[in-house]
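To keep things clear, I will list the structure first and then write my remarks on it.
Here the structure is a predicted model, which is why all the values come from computation and not from measurement.
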Amino acid sequence: MSDQFDTLWEKIAGKIHGELSAKEETEFNEMIHNTNHLREFEKAKKIREDLSYAGSVSAEGRIQSWDSVEKSIKFDQLRWIKTALKYAAIVVVTFAAGYLFQHKPIGKEIRYSEIFVPYGQMSQVTLSDGTKVWLNSGTTLKYPDQFGEDARTVCISGEAYFKVAKNAEKPFIVKSNDLTVKVLGTSFNYSAYKEDATASVTLVEGKVEVQDANGETMATLHPGQLLTKNKSTNTIVTKEVKTSFYSSWSDGKMSFDDERLDQIAIKLERWFNVEVVFANEQLKAHKFTGTILKNKPVDQIMQAFELLSPIRFKHQINTNGKDKITIYSKI
């Protein structure tokens, strides 16, 4: 089964890059008569199309970006993207400093990299100071190849779990459009998706200072605390939580603590790159507590929800875009 899987992806990658011989082209055409194989091919083409926005990168930038991919990034093992490295499903773009970070001019040019993790995937990167960062689906991380003398600053859109290397003389700073987190050495989860109504920071170890967009301190968190900012009202709430419910995704798990089904649906959409819709609004209010594994097929996860609540689902396969999962009432 594994050999067949690898052969399929070798053919798909070759087709996308125009590298198939006449014989391989014939074999490929025979393979995609299988509906499942055709579906995988359509997914691969969609990934390639989604990456086109990144534009061209200079020759030097391509070399540095490829080195970053090879040396720093550990790809999550997805069942349908086992050979994704050949066409870079996770994008690393290297560019010169200028608009992202407002550093004082220095003699040596600083170069920055940007990693984008598509929906349905996860990634891990180790920064130049030894800090480890786990990136959730739909996340963008921007960081310098080498940190400056005064601070270690990165920017994020999406969700990431940070395990920061300790350096008392050089604070680690994470910025988004909504919150800035300043630490010396700690572990925390940071969620700041643009489309979400809130942004949050969950502290696992150490101590962090949370600032607003103007650099004003909003709160200092201690282990086991969650800070949530409402984007529309700019209000913040801090409370004690079980941190595993907010950071377990970095271990390939999704944990819920009395969480509404519509909020769970958002996470499922990001994790499995699907669209989740509800047949009626009342279904969104169902709440769940428990843990699911990301490496399980989405159908198995939905079947578990069916057993635990009065819902049923329908999975519609879409070869030209995202699959669609519709949630109905059993009654």
Expected output: side-chain Glu306 to main-chain Phe313 donor-acceptor under 3.5 Å: yes
Under 3.5 Å donor-acceptor, Asp251 side chain and Lys253 backbone: no
From CD1 (Ile236) to CG (Leu227), nearest 0.5 Å: 5.0 Å
Hydrophobic cluster identity match, Val181 and Tyr193, side-chain contacts under 4.5 Å: no
Side chain to side chain contact (heavy atoms under 4.5 Å, CB included) partner of Phe188, chosen from Val183, Val210, Val204: Val183
Asp196 vs Arg270, salt bridge (Lys or Arg N to Asp or Glu O under 4.0 Å): CA-CA, chis, key distance, verdict: CA-CA 12 Å; Asp196 285 357; Arg270 291 170 179 160; 2.7 Å; yes
Counterpart residues, salt bridge (charged side-chain N to carboxylate O under 4.0 Å, His left out), relative to Glu269 (two or more places apart): none
Qualifying salt bridge (charged side-chain N to carboxylate O under 4.0 Å, His left out) pairs with a residue from residues 212-222, counting only residues at least two apart or across chains: none
Verify same cluster id: Tyr119, Ile266 (apolar side-chain graph, 4.5 Å): no
Thr220 side chain near Val208 side chain, heavy-atom distance below 4.5 Å: no
Non-hydrogen side-chain atoms of Arg152 and Val164 separated by less than 4.5 Å: yes
Residues that, via side-chain heavy atoms closer than 4.5 angstrom, fall in one hydrophobic cluster with Val241: Leu226, Phe245, Tyr246
Pairing residues for Glu240 by the side-chain hydrogen bond (donor to acceptor under 3.5 Å, both in side chains) criterion, not counting sequence neighbours: Gln225
Gap between atom CD1 of Ile292 and atom NZ of Lys267 - 0.5 Å precision: 9.5 Å
Between NZ on residue Lys284 and CD1 on residue Ile264, distance to nearest 0.5 Å: 14.0 Å
Side chain Thr289, main chain Asp258, donor-acceptor under 3.5 Å: yes
Phe288 side chain near Ser309 side chain, heavy-atom distance below 4.5 Å: yes
Side chains of Phe162 and Tyr190 in contact at under 4.5 Å (non-hydrogen atoms): yes
Interatomic distance, Asn136 atom CG to Tyr161 atom OH [nearest 0.5 angstrom]: 13.5 Å
Arg111 and Asp145 ion-paired at < 4.0 Å: no
Any side-chain donor near an acceptor of the partner, Thr217 and Glu209, under 3.5 Å: yes
Any donor-acceptor pair under 3.5 Å from Arg312 side chain to Ser329 backbone: yes
Whether Phe147 and Phe172 hold their rings parallel, tilted or perpendicular, with breakpoints at 30° and 60°: perpendicular
Test item: Lys170 side-chain N/O and Gly148 main-chain N/O as donor-acceptor pair under 3.5 Å: yes
Matching residue for Ser232 among Thr235, Asn234, Asn230 - test: side-chain hydrogen bond (donor to acceptor under 3.5 Å, both in side chains): Asn230
Within one Ile-Leu-Val-Met-Phe-Trp-Tyr cluster: Ile173 and Val201, side-chain cutoff 4.5 Å: no
Contacts of type side-chain hydrogen bond (donor to acceptor under 3.5 Å, both in side chains), residue Thr238, not counting sequence neighbours: none
Gln121 backbone acceptor or donor facing Ser137 side chain under 3.5 Å: yes
Minimum side-chain heavy-atom gap Ile156-Thr140 below 4.5 Å: no
Check: Lys314 and Lys324 side chains under 4.5 Å, non-hydrogen atoms: no
Heavy-atom side-chain contact between Thr243 and Asn189 under 4.5 Å: no
By side-chain hydrogen bond (donor to acceptor under 3.5 Å, both in side chains) - contacts of Arg260 (at least two apart): Asp262
